[in-house]
Asker: 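This is the structure I want to talk about, given as structure tokens.
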There are 2 protein chains.
Amino acid sequence: MTRVCIVGCGAVGSLFAANLATLDDVEVWAFDLSQAHVAAIEANGLRLTGAGEVHARLRAVSDASLLPPCEFGIVATKAMHADAALAAVAHALADGAVASVMNGVGNEETLARHVRRVIRGTTFPAGKLIEPGVVQWDVKGDTTFAPFEPSPATSVEVEWLADACTRGGMPTHAVADARPAQWRKVIFNASTNPIGGLTGLTHGRVCERPDLRALVSGLVSEGKAVAAAQGITLDADPEALIDHAAKPDVAYNHKASMLQDIEARRLTEIDFLNGGIARFGRSLGVPTPLNDTITALIKGVEKSWT
Amino acid sequence: MTRVCIVGCGAVGSLFAANLATLDDVEVWAFDLSQAHVAAIEANGLRLTGAGEVHARLRAVSDASLLPPCEFGIVATKAMHADAALAAVAHALADGAVASVMNGVGNEETLARHVRRVIRGTTFPAGKLIEPGVVQWDVKGDTTFAPFEPSPATSVEVEWLADACTRGGMPTHAVADARPAQWRKVIFNASTNPIGGLTGLTHGRVCERPDLRALVSGLVSEGKAVAAAQGITLDADPEALIDHAAKPDVAYNHKASMLQDIEARRLTEIDFLNGGIARFGRSLGVPTPLNDTITALIKGVEKSWT
């Protein structure tokens with residue numbers, strides 16, 4: 001029996017938790033600060049509905065001291081909460097290999113401040129918590145894992161975790177370098193999410209306005225330049241993903257998660273999306289004026305709530 | 001008796017209308033589409049209160065066909081409504097000299113499509129309509145008039161109108177070139193107004209965030225480059241105006257008019273502020289990526305209401 005701790009059991013964390021908990025050889029522990037969600041999972045199990053129907057029993061705690069030592073961790077908090085979450089659970093994962101499936105860039109660096117063996121990860125599935133213990137699974141998609149270069153998990157660990165996720169129902173690739181997939185995703189998110197957030201427009205309506213579509217492309221170009229300066233060759237063009245998502249039958253009417261955050265006055269992940277691209281850009285000498293602009297505007301919006 | 005037609009008798013138009021109507025040698029006609037405001041002015045006169053107390057009788061109409069021929073016009077509509085307003089009143093101003101006191105750049109070009117003799121103008125006073133027939137005069141300030149270069153009013157006309165405004169209580173300079181004052185104002189407005197509009201922050205709170213203040217300076221720099229490419233030497237640095245306005249006792253708590261527009265879901269003047277700077281920039285070969293970005297975002301916000 002191998003123990004996997006899901007750190008942050010919101011929508012994406014719950015997808016991993018429930019699917020992994022269907023496996024006979026895996027014992028899943030979920031750590032989440034929502035006591036209502038934790039209590040519902042402990043009482044009735046965790047249920048996924050939508051793109052897949054899953055109902056699984058697993059352990060869930062809000063008190064990190066109750067966690068046993070785990071061989072693996074999958075961190076699925078909002079990026080800005082990872083540092084505090086890892087500080088809380090580090091004792092249980094001190095000897096484990098810990099993967100990030102968080103949005104944005106710079107998250108593995110956060111994990112590596114708390115644990116020794118880190119897995120760089122990026123995931124495309126999405127969902128939302130609809131009530132304690134129940135998650136709507138909106139979109140299926142692949143996950144990619146690789147050793148985090150400065151503090152790597154072993155390739156055996158990366159492959160075991162990818163295989164477990166795949167067997168559980170979350171198709172996952174173990175690769176040597178997860179940066180191409182991760183940077184494609186962060187460039188996609190950073191170039192579209194905050195534009196929806198600032199304007200209130202859905203993804204399709206952003207893309208059908210030539211001036212906003214040009215801004216999206218300007219953001220993509222800066223992100224590509226920052227990726228290229230690290231020697232990363234993207235696995236696909238984010239522009240293609242953006243045009244695909246704008247189709248009426250894909251995500252034309254989708255309100256970006258950052259727009260949902262802003263409408264609900266929740267802090268966004270801007271520091272790890274456009275802010276992360278800009279931070280890498282600065283360290284590499286690549287100018288990112290549009291990403292700087294968007295970061296400043298979103299942080300101003302957040303500030304206006306206080 | 002000299003007839004002056006105020007085209008657009010909102011807050012700023014009312015400041016000119018009421019002050020000019022105090023003069024014995026001037027007959028003021030106001031044209032405005034608000035029938036309530038027009039009826040109140042006709043019945044009880046036009047009242048200013050706040051920075052100055054004025055109560056004056058003048059004629060007001062919503063039906064442009066009732067306007068007599070006028071020697072002068074002062075156009076104070078929102079910039080995007082000037083074309084339709086001038087089409088309506090052109091018969092009354094065909095032989096007149098017509099000044100713009102609108103926000104932004106490109107307005108004189110609009111007037112010149114309808115009348116032959118145009119006065120380039122820019123004005124700093126501000127106020128708001130508080131009920132039909134009554135305007136709150138918030139800020140006193142200077143006005144600058146000069147012949148519009150491609151379709152100029154005569155210098156005698158420019159000087160007469162400036163003198164009348166000054167005698168009426170609106171200090172106005174007749175100069176050879178109004179572009180330095182006009183571009184200083186548009187750069188100030190374009191660099192601050194939409195940042196408040198997009199973030200929800202007051203002027204002072206925008207300026208105290210280093211990232212947003214840097215964005216403001218980036219917008220100012222583009223505006224200065226576009227002005228310089230036209231051979232315009234600004235009469236003062238917009239940066240100084242911005243820092244002055246950010247002081248607690250000046251406009252720290254001021255919500256930019258564009259933020260007020262956005263909160264009320266009214267179309268903004270973005271096409272004549274950042275959009276105007278960007279348009280001049282394109283025609284001059286001066287890149288304005290930040291002004292393009294801000295224009296696209298504000299137009300996206302406007303689009304989200306429909």
Side-chain angles (χ1 to χ4, degrees), chain A residues 190-222 253 255-256 258-260 262-263 265 268 270-271 274-275 278-279 282 287-306, chain B residues 190-222 253 255-256 258-260 262-263 265 268 270-271 274-275 278-279 282 287-306:
Chain A
S191 304
T192 57
N193 243 313
I195 309 305
L198 287 167
T199 62
L201 294 171
T202 65
H203 180 72
R205 295 190 71 199
V206 165
C207 291
E208 72 194 5
R209 292 190 62 80
D211 52 357
L212 286 177
R213 187 63 183 80
L215 170 56
V216 168
S217 284
L219 291 162
V220 169
S221 295
E222 289 183 4
N253 286 314
K255 278 192 178 183
M258 198 178 287
L259 173 54
Q260 297 178 43
I262 286 174
E263 288 182 342
R265 300 198 162 197
T268 72
I270 192 72
D271 276 332
N274 307 69
R279 210 159 43 241
R282 268 193 300 283
T288 58
L290 296 179
N291 280 284
D292 292 337
T293 295
I294 297 300
T295 304
L297 289 172
I298 293 284
K299 291 179 79 74
V301 169
E302 293 177 350
K303 202 72 187 175
S304 76
W305 304 329
T306 60
Chain B
S191 304
T192 57
N193 243 313
I195 308 307
L198 287 166
T199 61
L201 294 172
T202 65
H203 180 72
R205 295 189 71 199
V206 165
C207 291
E208 73 195 7
R209 292 189 61 79
D211 52 357
L212 286 177
R213 187 65 184 79
L215 170 56
V216 168
S217 285
L219 291 161
V220 169
S221 295
E222 290 183 2
N253 287 312
K255 279 192 178 184
M258 198 176 287
L259 174 53
Q260 296 178 43
I262 286 173
E263 288 182 342
R265 300 199 160 195
T268 74
I270 192 72
D271 276 331
N274 307 69
R279 211 158 45 241
R282 268 193 299 283
T288 58
L290 296 179
N291 279 283
D292 293 338
T293 294
I294 297 299
T295 304
L297 289 171
I298 293 283
K299 292 178 79 74
V301 170
E302 293 177 351
K303 202 72 186 175
S304 76
W305 304 329
T306 60

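Here the structure is a predicted model, which means the values were calculated and not measured.
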Asker: Any heavy-atom pair between the side chains of Leu212(A) and Leu297(B) that's under 4.5 Å?
Answerer: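 Result yes, sub-4.5 Å side-chain heavy-atom pair found.
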Asker: Please round to the nearest 0.5 Å and tell me the distance separating atom OG of Ser304(B) and atom CG of Leu198(A).
Answerer: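 Answer for the OG-CG pair, Ser304(B) versus Leu198(A), is 11.0 Å.
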Asker: Which atoms form the tightest heavy-atom contact between Lys303(A) and Arg205(B), and what is the distance?
Answerer: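 Scanning both residues, the minimum pair turns out to be O-NH2, 3.1 Å.
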Asker: Between chain B and each of Leu290(A), Thr199(A), Asp292(A), count heavy-atom pairs under 4.5 Å; write down the option with the most.
Answerer: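 So the answer, after comparing Leu290(A), Thr199(A), Asp292(A), is Thr199(A).
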Asker: If you tally heavy-atom pairs under 4.5 Å against chain B, which of Ile195(A), Leu201(A), Leu215(A) wins?
Answerer: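 Option with the greatest count: Leu201(A).
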Asker: Given heavy-atom pairs under 4.5 angstrom as the criterion, report whether the side chain, backbone, both or neither of Ile294(B) touches chain A.
Answerer: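 When you check distances to chain A, only side chain atoms of Ile294(B) fall under 4.5 Å.
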